[in-house]
There are 2 protein chains.
Amino acid sequence: MPSKPLRIAVVGASGMVGRELIFLLEKRCFPATDILLFGSGKSRSRMPFRGRSIPIQPTTLPALAQAELVFLTTGDSVSRELAPILAQKGTWVIDDSAAFRMDSKVPLIIPEINAHSLSLNKRLIAGPNCSMAALAMAIYPIYEKFGIRSIRAATYQSVSGAGKAAIQELKDQTYSKNPSRPKALPQLIAFNLFPQIGSFDRNGYTSEETKISGELKKVLGTSQLHVTVTAVRVPVFRGHSIAAWVGTRRRVQPREIETCLQNSPGICLSRKNKYPMPIDIAGSWPVYVGRVRRGESDQEVLLWIVSDNLLKGAALNSVQIAEHLLKRGWLWK
Amino acid sequence: MPSKPLRIAVVGASGMVGRELIFLLEKRCFPATDILLFGSGKSRSRMPFRGRSIPIQPTTLPALAQAELVFLTTGDSVSRELAPILAQKGTWVIDDSAAFRMDSKVPLIIPEINAHSLSLNKRLIAGPNCSMAALAMAIYPIYEKFGIRSIRAATYQSVSGAGKAAIQELKDQTYSKNPSRPKALPQLIAFNLFPQIGSFDRNGYTSEETKISGELKKVLGTSQLHVTVTAVRVPVFRGHSIAAWVGTRRRVQPREIETCLQNSPGICLSRKNKYPMPIDIAGSWPVYVGRVRRGESDQEVLLWIVSDNLLKGAALNSVQIAEHLLKRGWLWK
C-alpha cells in the first residue's frame, strides 16, 4: 500500500446512504488515512469510524477540497452545486445522486459491468439508481451471453429509497394513533402501495421509470434495447424487489440462465422454487435472483430480483467504484 | 317479481367472502324469500340479513338441498364434496373455489365478459380467481376491440386473499411484541413481500400464476394468447393490484385504450397521472384502471389495475352471476 496520505470525504454523512457508506469503508478496510464527514450543518453530530468519533461538519467547498476523493450521498441540487467544481480541481467525485447520471461526459458505473468506462480524465463519476443497479446486475450476464432485446420490469420498492423521513412516515402511519399526513411520500404507505416514484412525464411515465430505462441502456452501452418499467412503492422498510421479463436474442433454457447467473460475480442465485425476500437480504451485499423460469417462448425468461437498495443500489456500489480507482493507482493526485 | 319462493344458501357464511356476499345480497336487493347460512359448525354464530339475525348452521347436504341456489365460499375440498351432488339434484351452485374452474363441463363466468356461457343445463357455475377477475375485466374491452396476443402481469396481492387467518397474521406480526410464526401464509408478511401464492409446479410457476393464466384464456374463450404472471403477496389488508403489459394485435394509441375502457361496464378509469390504490378502493365494486401508457411499441400498452379482491374478485361476481340467472327466469326449478 502506498504511504502517501489519502483523504476521503463523505457528504450526507448522517443520511441513510452516508451511514452505510462510512460503515462499508471501515468494513472493507478502505485504506484512507483520514475521513472527513459533512452534513447540512443543521445538527451537530458525530459518526464512528475505525474506533474514532468523527464530527460531521457543515459542507463547504474549501473543506471538501482537502480530500482526494469525495462521496456525494445527498440530493441532485447539492451534487449539481459541488460535483463539477470539485472534479474540475482534480478531486475524484463519486456521486450517488441522479444529477449527472445521464450526462454523456460523466461515466455511470456499476463496476461488475462497466469498470472499463472509468477514465483518469473523468473525475466525476455517477452511481446508478438503486432499482436499476439490481436489474442491471441480474441481466448483464444474460445480456453478454445470450443477447437481450427487451426488458419489462415491475418494481416493489421499499421506503428507505426515499430516505429517513419516509421510513419514519411508514412507522408513524403504522403505529401512531394520530399519524401525520404523507409528506416524504406522495401517498399513504402503511398497508398500502402506489405506482408513483418521482414525477410524471408527458408520456405518463414517472421519473423513476425513465431513470431505470435510460440508465440501464447507458450502463450496458446500447440503445438497441426496449426497457419498460412500472415502479411501485410498497410498505417495506428496506430492500427493493423486481419482477422482470427478459426477452433474449438467442433461444435459451431457464437452466442455462441459472448456470450463467450462478457463475457471475455479485449475484446470489436461489434455485428450485426458493426465492429471496426483502426481509432476508436487508444488509447483504449481493443482488439476489430466484424463480428463473420460461416466459411466453424460449426467447423469454422471468426473474425475481431482490437487492438492498442502500447497499448495491447505492453505498456499496460507490465504495466498489472507489476500490477500482484505488487498484489503478489513480486516487493520488 | 314472481311470487314463488326463492331460497338461497351461503356456505362459509362467516368467512371473508361469505360475509361480503350476504351484505351484497341485501344491498343489491336480491329477491330471495329466504336465506340459509352454513358454516363449519365449529362456532355458533349469527349474521344479520335484512334486519333479521340468521343463525349459521352446520353444513349438511339435506339442509342445503332446500335451497334453489347455493353459494359456496369455502375451499376446494368442500366444493368438491358438495357441488356436483347439489347440481345433479337441480340446485344452482355458484362456486367461488378453484375446484371446478378449469373443468371443461363447468362454465367459468365473469358476467360482463361471458354471461353467454351460462346454460340452463349447467347448474354448477364457477367464479374466477380474484386477481384473474380484475385482469380479465381490464383487458376484455381491449381484447374485443384491438385483439390481444400476450399478457404479462406482476401482481401485488393483499393478505385478505388468503382469508381471515392471514389478516390476523399481518396484524399480529405488525403489532405484537411476540408475533407467532407464519402459518396462514408461507412467509413473514409484515414489512415484507414474497413471490409465492400457492404451490410450485415443475416449471417453477406457482398455482396462483397458473390459475390466472389458465382461467383468463377460458373466460376469453381462446387458446391463442400468451399469459405469464408473477404473483406476489404484499403487506396490504385488502385490494389486489396488477402491473400489466398488454400486447395487442392491432396498433393502438394509449388514448384509444382509455376511450375503450371508459365506455366499458364495471371499469373505473383514472386519467392524467391519477391512479387507483388499494386503500382507496377497498369496499368498492368496480375494477379500477390507471396509468395507461405506451409500451415498447404501438402494439403494447401498460396498465395499472386495482380491485377489491373480496368483491369483484369473489362475492360481487358471484352475486352478479345469480342476478343473471334470475333475469333469465332460471332460478326456479
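The chains referred to below are lettered A, B, ... by the order of the sequence lines, with proteins before strands, and numbering in each begins at 1. Computation of the quantities below employed the complete heavy-atom set of this structure, encompassing side-chain atoms and omitting hydrogens, waters and symmetry-equivalent molecules.
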Exercise. Look up atom CZ in A:R233 and atom OG1 in A:T155, then write down how far apart they are to the nearest 0.5 Å.
Key: 8.5 Å
Quiz prompt | chain A neighbours within residues 158-186 of chain B, where any heavy atom lies under 4.5 Å away | solution = B:L170, B:T174, B:Y175
Practice problem: Step by step, work out the side chain to side chain contact (heavy atoms under 4.5 Å, CB included) result for B:H240 and B:M132. | Solution: CA-CA 10 Å; B:H240 287 4; B:M132 195 290 280; over 6 Å; no
Exercise. Using only heavy-atom distances, determine whether the side chains of A:R293 and B:T230 contain a donor-acceptor pair under 3.5 Å.
Key: yes
Quiz item: Within residues 296-315 of chain A, which positions have a heavy-atom distance to chain B below 4.5 Å?
Solution: A:E296, A:E300, A:L302, A:W304
Exercise. Would you give the length of the straight line joining atom OG1 of B:T228 to atom CZ of A:R152, rounded to the nearest 0.5 angstrom?
Key: 8.5 Å
Quiz item: Is the backbone of A:G198 close enough, under 3.5 Å, to the side chain of A:Q196 for a donor and an acceptor to pair up by distance?
Solution: yes
Quiz item: Would you find more than 12 non-hydrogen atoms of other residues, nucleotides or ligands less than 6.0 Å from B:F146 atom CZ?
Solution: yes
Quiz item: Looking at B:P254, B:G239, B:A153, B:A190, which one has more heavy-atom pairs under 4.5 Å with chain A than the rest?
Solution: B:A153
Quiz item: About how many Å separate OG1 of A:T210 and CG of A:D201, when rounded to the nearest 0.5 Å?
Solution: 4.5 Å
Exercise. Under the side chain to side chain contact (heavy atoms under 4.5 Å, CB included) rule, what do A:I139 and A:L220 come out as? Steps first, then yes or no, please.
Key: CA-CA 10 Å; A:I139 66 138; A:L220 296 177; 3.8 Å; yes
Quiz prompt | Contacts of residues 267-282 of chain B with chain A (heavy atom under 4.5 Å) | solution = B:N273, B:Y275, B:P276, B:M277, B:P278, B:I279
Quiz item: Mind checking which of residues 241-253 of chain B sit less than 4.5 Å from chain A, heavy atom to heavy atom?
Solution: B:S241, B:A243, B:W245
Exercise. Looking only at non-hydrogen atoms, find the nearest pair between A:Y288 and A:S284 and report the distance.
Key: OH-CB, 3.2 Å
Quiz item: Which heavy-atom pair separates A:V289 from A:A138 by the least distance, and what is that distance?
Solution: CG2-CB, 3.8 Å
Quiz item: Is there a donor-acceptor pair under 3.5 Å between the side chain of A:K145 and the backbone N or O of A:C260?
Solution: no
Quiz item: Measuring heavy-atom distances to chain B, does A:N203 have an atom under 4.5 Å in its side chain, in its backbone, in both, or in neither?
Solution: backbone
Quiz item: Contact part of A:R294 toward chain B, heavy-atom cut-off under 4.5 Å: side chain, backbone, both or neither?
Solution: backbone
Quiz item: Under a 4.5 Å heavy-atom cutoff, which of A:F194, A:F237, A:F200 has the most pairs with chain B?
Solution: A:F200
Quiz item: Considering only heavy atoms, which portion of B:S199 lies under 4.5 Å from any heavy atom of chain A: side chain, backbone, both, or neither?
Solution: neither
Self-check item: Close side-chain approach of A:M102 to A:E215, heavy-atom, < 4.5 Å
Solution: yes
Quiz item: What distance separates B:K217 NZ from B:I151 CD1, expressed to the nearest 0.5 Å?
Solution: 11.0 Å
Exercise. Please report the C-alpha distance between A:T259 and A:L261 in whole Å, then the side-chain angles of each, then the deciding distance to 0.1 Å, and finally whether the side chain to side chain contact (heavy atoms under 4.5 Å, CB included) criterion is met.
Key: CA-CA 5 Å; A:T259 306; A:L261 289 172; over 6 Å; no
Practice problem: Indicate whether any N or O donor in one side chain lies under 3.5 Å from an N or O acceptor in the other, for A:Q224 and A:T222. | Solution: no
Quiz item: To the nearest 0.5 Å, what is the distance between NZ (B:K211) and OG1 (B:T206)?
Solution: 9.0 Å
Quiz item: Would you say A:E208's side chain and A:A231's backbone share a donor-acceptor pair under 3.5 angstrom?
Solution: no
Quiz item: When rounded to the nearest 0.5 angstrom, what is the spacing between CZ in B:R149 and NE2 in B:H226?
Solution: 9.0 Å
Exercise. Please confirm whether the backbone N or O of B:P195 pairs with a side-chain atom of A:R291, one donor and one acceptor, at under 3.5 Å?
Key: yes
Quiz prompt | Side chain, backbone, both or neither of A:S213 within contact of chain B (heavy atoms, under 4.5 Å) | solution = neither
Exercise. Among B:L188, B:V234, B:L193, single out the residue with the greatest number of heavy-atom pairs under 4.5 Å to chain A.
Key: B:L193
